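Computed from a predicted structure; not experimentally measured. We're numbering straight along the sequence, starting at 1.
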Amino acid sequence: MHVLVIFPDAQSYGDRLTVRFPSLLVHVAETYAHAAPYLADTQILITTGRGLDAETVRAMPRLEWIHCLISGIDQLTVAREARPEVIISSSSGIHGPQMAEMAVLHMLALSRQIVRLERQRSGHKWVDLPQRVLDQKSVGIVGLGAAGTRLAELCKAFNMTVYGVSRTRRSERCFDSVFGRDQLCYVASIVDFLVLVVPQSSETIHLIDGTVLGAMKPTSMIVNLARGGVVDERALVDALVAGRIAGAGLDVTATEPLPASSPLWQMENVVLTPHLAGHTDRYLEQVWTVLEPNMERFLAGMHVDMINSVQ
């Protein structure tokens, strides 16, 4: 069985697979360009899916299974359309700890005005700036997956009131209340922070639009760790410029990398990180909790029992 791993740290994944599954013939490559010699024989592809195009999919006639190393599979649309018979599985559910910590980092950085403080430091200025605390503030978490539920736990540790927004109302531990998406504007109007950890889909494109932003308090802030398309970025910029909201923490943007011409770069009430929320020094160990049992089941022909299978 020929396996191809395409990832910047592909060798680590390849080594782990070879030791655990010695019957596999594992090839590794950092990019799709480097993977060209192995495509024709590939039966299992392990990748993030970013950059996977129709031509590359057609170059893998023996392909049977793609495992996505990240939680979102929107970047695998081309593969699903070109080869609907191919099994696709994701690494959904492993990103809770790192994404929750990144959300807290953004909330703290916004509250403590870290961008302004850093600019003062670069100019050798020692000037007092107002400092807000998370204690007794409220947060609305949009998306109640692994990241959202882990974030709720951390927010409770900061003595925050925690509201959830989900497709369906339900009781969840660490949430004071959970609302349906039809009440998103209401939640936006009462919280100090609105944090987005919802997957991007046809239902969530521009979920946060001018109406939702307009419902927010002028002292409230938004944090987006989901996908750039979940937020109407033009409406967000307008709200920030007009002072209708107090700030934004963005790990994702509509276009990535963020264009140099974007006004977001210069805003002192905006915290930017380059799509890092899902990253961690323990990523291989986290992925392995899904990849190892899925490999066992795939090799045993137990395709219907594979974790996070979407095909």
Side-chain angles (χ1 to χ4, degrees), residues 49 68 70-77 80 88-100 102-104 106-107 138-156 160-217 220-233 235-236 245 248-254 275 277-278 290 306-311:
C68 186
I70 59 179
S71 59
I73 60 166
D74 47 294
Q75 66 282 346
L76 291 175
T77 300
R80 297 184 72 186
I88 293 178
S89 59
S90 76
S91 298
S92 178
I94 70 169
H95 300 85
Q98 56 263 40
M99 291 193 69
M102 181 65 84
V104 171
H106 276 255
M107 290 193 291
S138 58
V139 57
I141 301 173
V142 184
L144 271 60
T149 53
R150 177 60 177 160
L151 175 58
E153 295 173 357
L154 297 185
C155 288
K156 276 300 178 184
M160 301 181 76
T161 301
V162 183
Y163 302 109
V165 178
S166 180
R167 284 179 296 183
T168 56
R169 294 185 184 89
R170 60 184 188 269
S171 177
E172 288 282 350
R173 187 174 63 87
C174 292
F175 286 87
D176 292 277
S177 298
V178 175
F179 298 86
R181 284 186 189 165
D182 59 330
Q183 292 186 281
L184 176 57
C185 280
Y186 169 70
V187 174
S189 73
I190 64 173
V191 297
D192 299 297
F193 294 92
L194 190 65
V195 181
L196 313 176
V197 285
V198 65
Q200 180 169 299
S201 68
S202 58
E203 297 178 357
T204 60
I205 293 293
H206 285 190
L207 180 67
I208 308 301
D209 56 12
T211 301
V212 176
L213 292 165
M216 295 175 67
K217 299 181 293 186
S220 62
M221 304 179 182
I222 189 167
V223 174
N224 187 11
L225 307 184
R227 287 287 191 272
V230 173
V231 175
D232 182 338
E233 197 165 285
L236 174 63
I245 64 173
L250 304 175
D251 185 63
V252 290
T253 54
H275 207 142
V290 177
M306 292 172 66
I307 302 168
N308 296 336
S309 175
V310 294
Q311 178 64 44

Where is the tightest heavy-atom contact between [X] and [Y], given as atom of each residue plus distance?
{"X": "A100", "Y": "R150", "result": "CB-CG, 3.5 Å"}
{"X": "T211", "Y": "C185", "result": "CG2-SG, 3.8 Å"}
{"X": "Y163", "Y": "F175", "result": "C-CD2, 3.7 Å"}
{"X": "I307", "Y": "S89", "result": "O-CB, 3.6 Å"}
{"X": "D251", "Y": "H106", "result": "N-CE1, 4.1 Å"}
{"X": "S71", "Y": "S92", "result": "CB-CA, 3.7 Å"}

Between [atom1] on residue [X] and [atom2] on residue [Y], distance to nearest 0.5 Å:
{"X": "L196", "Y": "L225", "atom1": "CG", "atom2": "CG", "value": "8.0 Å"}
{"X": "I141", "Y": "L151", "atom1": "CD1", "atom2": "CG", "value": "4.0 Å"}
{"X": "S90", "Y": "D74", "atom1": "OG", "atom2": "CG", "value": "11.0 Å"}
{"X": "L236", "Y": "I208", "atom1": "CG", "atom2": "CD1", "value": "10.0 Å"}
{"X": "E233", "Y": "D209", "atom1": "CD", "atom2": "CG", "value": "14.5 Å"}
{"X": "I70", "Y": "H275", "atom1": "CD1", "atom2": "NE2", "value": "6.5 Å"}

Item to complete: Mind checking side-chain contact (heavy atoms from CB on, under 4.5 Å) for A146 and listing every partner two or more places apart, or none if nothing turns up?
Response: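 Partners of A146 by the side-chain contact (heavy atoms from CB on, under 4.5 Å) criterion come out as none, since no residue qualifies.
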Discussion item. Run the side-chain contact (heavy atoms from CB on, under 4.5 Å) test against T77 and tell me which residues pass, sequence neighbours left out.
Written reply: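 Counting only residues at least two positions away or on another chain, T77 forms a side-chain contact (heavy atoms from CB on, under 4.5 Å) with E81.
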Is there a donor-acceptor pair closer than 3.5 Å between any side-chain N or O of [X] and the backbone N or O of [Y]?
{"X": "S138", "Y": "D192", "value": "yes"}
{"X": "S91", "Y": "C68", "value": "yes"}
{"X": "Q98", "Y": "A277", "value": "no"}
{"X": "T204", "Y": "P199", "value": "yes"}
{"X": "D176", "Y": "T161", "value": "no"}

Practice prompt. Before giving the answer on side-chain contact (heavy atoms from CB on, under 4.5 Å), spell out for Q200 and I205 the whole-Å C-alpha distance, their side-chain angles and the decisive distance to 0.1 Å.
Written response: CA-CA 6 Å; Q200 180 169 299; I205 293 293; 3.5 Å; yes
Worksheet item: Of the options I190, L184, D182, which is the one that meets Y186 in a side-chain contact (heavy atoms from CB on, under 4.5 Å)?
Response: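 Only one of I190, L184, D182 forms a side-chain contact (heavy atoms from CB on, under 4.5 Å) with Y186, namely I190.
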Worksheet item: Got V139 and V191 here, is their nearest side-chain heavy-atom distance under 4.5 Å?
Response: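 No; the side chains remain at least 4.5 Å from each other.
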Worksheet item: Within a strict 4.5 Å, meaning less than it, do heavy atoms of the L76 and V310 side chains meet?
Response: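 L76 does not reach V310 side chain to side chain.
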Worksheet entry | Salt-bridge criterion met for E153 and K156 (N-O under 4.0 Å) |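 The answer is no: the pair does not qualify as a salt bridge.
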Item to complete: Evaluate the side-chain contact (heavy atoms from CB on, under 4.5 Å) criterion for residues M107 and C155: first the C-alpha distance (whole Å), next the side-chain angles of each, then the deciding distance (0.1 Å), finally the verdict.
Response: CA-CA 10 Å; M107 290 193 291; C155 288; 3.8 Å; yes
Worksheet item: side-chain contact (heavy atoms from CB on, under 4.5 Å) between I222 and L213: does it pass, once the steps are laid out?
Response: CA-CA 9 Å; I222 189 167; L213 292 165; 4.3 Å; yes
